[in-house]
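Taking it in order: structure first as structure tokens, then the write-up.
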Amino acid sequence: MAGFVAKKLCPQLIQIPLNFNKYTSKAQEVREIIVDYDPRFESASIDEAYLNITDYCEKNNIEPAAAIEQLRREVQEKTKITISAGIAANAKLAKICSNMNKPNGQFQLPNDRTAIMSFMRDLPTRKVNGVGRVFERELDAVGVKTCGDIYACRQYLSKLFGEKAFSFLMGCYLGLGRTTVQPAEEFERKSVGTESTFGEMGDPTALRKQLRWTAEELEKDMVRTQFKGRTLCLKVKLHTFEVFTRQVIPPKSIYQADDLYNYSLPMLLKLEHEFPGMKLRLMGLRCTHLLSMKKPDTMAFFGFKTKSPTEGGDPSGSPISLKRKANGLEDENWEKYDERLFEDAERLEREDELKELETLSQELDKRRHHGKEIVPNPKKAETTEEEWWDCPVCLRPQSPSEKEFNEHMDLCLSRQTIRDVVQETAFVKDVSKILPSKKAKVERNKNKSTSNDPKQRKLFFGGHS
DNA sequence: GCGGATCAG
DNA sequence: ATGGCTGATCCGC
């Protein structure tokens, strides 16, 4: 939760400054323990890890739950911090299970098809890694609240959300997920970037200086990570909170601040031309299509092949990267669902399908455009005045239900809501300058909205026209 | 490949 | 008067 929101909700809240050195060293202590349970454990972040304890349990003749109880006790005794764990047949399920008995608890989902299916049936989609605020809402709009609901409308999911999402959702319904675990070092980095937020900045000279500074920051990270980039990407956030990115392919791969600056400056100038009088609140630079500067020896140590004889240590030839797609929406081989399970879906009447799809698409569309409509709290007429809670963001009274209140704040902080507010206020002053290019965008998207593709409609800017 | 958007931590 | 920063992926074009 954003600090300013928390403070408004709890004025007595005590906020403690971050101390990443502390967290990092504590994480290291924990890792030194869990490595005994799986030498190839996967750090998912500073405070999360995936372990394959199959071997450990076999070697020590111990049940998974007992092993994890022991692990957690060991961590608590040695590091004085408590951890929670999930035990399940694959990474997706284990992650969900780890949230079941927080804090300082564990939960095991039996490795049993029926148990897994019934577990997923009542599981809200949002609990699954990969389903965020937006996707949850979109699924809700077509009547999918739990993973069990997915099967009933399987026939539309692909058309509404695309093939990848369909495959992902089927995995959710069936409780499938990856069963591979590997050290984070073996993952192939795909970009290096830096960005920072600042007070509104419109002066071209100041913007150049900011760009120069950003370039220098990025150079540090490029040196630290030992990469050059073949593509350079500039990101800006306007004072309206709209985000834009522009990229170029320099004639050579680059990493030095001078090059980063010189090749990104034209993009900045072009943006200034595109949005006359633009004011930024964020600027960022990122390099993609990386080229490793590491010694081939180092790369070989991690099992990376060298792809091109001229460019030693190109990580794109990694055998690991070929095996693991690493997008969280992918499962492989036998972990995939069986196509035959869905044969009967294909027998349905075509026209009925299309009609139904159109209805769902419209429903989805409505909600995509009108984030605003849900802002005023709809229900709970029986609650009295003083029982209402004030939203710290919009200051409007809300239903005193934790769930509804949180949902409201979620929405209140959504991009659409911010856009609408900015549209009505901050924009008025210099609207004449920025509006033309914006208008053009709306026009373009208007044409698109006649298309049947729901993903295109999503691009439509703002629900106010 | 580009640019917008979503998601996770 | 606003959710910061880093990195990854997906989608439509």
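Letters A, B, ... mirror the listed sequences (proteins, then strands); counts begin at 1.
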Strictly below 4.0 Å: does [X] bring a side-chain N or O up to OP1 or OP2 of [N]?
| X | N | answer |
| --- | --- | --- |
| A:H239 | C:dA1 | no |
| A:R286 | C:dA8 | no |
| A:K190 | C:dT9 | yes |
| A:T194 | C:dT6 | yes |
| A:R189 | C:dG7 | yes |
| A:S196 | C:dG4 | no |
| A:K95 | B:dG9 | yes |
| A:T245 | B:dG4 | yes |

A:T194: which residues meet the side-chain contact (heavy atoms from CB on, under 4.5 Å) condition with it, sequence neighbours left out? A:T214, A:E217, A:L218, A:D221

side-chain contact (heavy atoms from CB on, under 4.5 Å) partners for A:T146, two or more places apart: A:D149

A:F168-A:F161 aromatic ring centre distance below 6.0 Å: no

Between A:T79 and A:Q76, is there a donor-acceptor pair closer than 3.5 Å when you use the side chain of the first and the backbone of the second? no

Quick check: does any side chain N or O of A:S98 sit under 3.5 Å from a backbone N or O of A:K95, one acting as donor and the other as acceptor? yes

What is the distance from [atom1] of [X] to [atom2] of [N], rounded to the nearest Å?
| X | N | atom1 | atom2 | answer |
| --- | --- | --- | --- | --- |
| A:K164 | B:dA5 | NZ | C1' | 17 Å |
| A:R133 | B:dG9 | CZ | P | 16 Å |
| A:M222 | C:dT6 | CE | P | 14 Å |
| A:R178 | C:dA8 | CZ | C1' | 14 Å |
| A:E242 | B:dG4 | CD | C1' | 12 Å |
| A:R281 | C:dC5 | CZ | P | 9 Å |
| A:L160 | C:dC11 | CG | C1' | 14 Å |
| A:E195 | C:dT6 | CD | C1' | 7 Å |

Where each residue is assigned the nucleotide of DNA chain C containing its nearest heavy atom, which of A:S191 and A:K237 is assigned the position nearer the 5′ end? A:K237

Result for 5'-nearest mapping on DNA chain C, choosing between A:K235 and A:E200, is A:E200

P-based separation of C:dG3 from B:dT6 [nearest Å]: 16 Å

Any idea which of [options] is nearest the [X] side chain?
| X | options | answer |
| --- | --- | --- |
| A:T197 | B:dG9, C:dG4, B:dG1 | C:dG4 |
| A:D47 | B:dG4, C:dT2, B:dG9 | B:dG9 |
| A:Q247 | B:dG9, B:dG3, B:dG4 | B:dG3 |

Looking for any heavy atom pair under 4.0 Å, which part of the strands does A:L282 touch: base, sugar-phosphate only, or nothing? sugar-phosphate

Is the shortest heavy-atom distance from the side chain of A:F135 to the side chain of A:E138 under 4.5 Å? yes

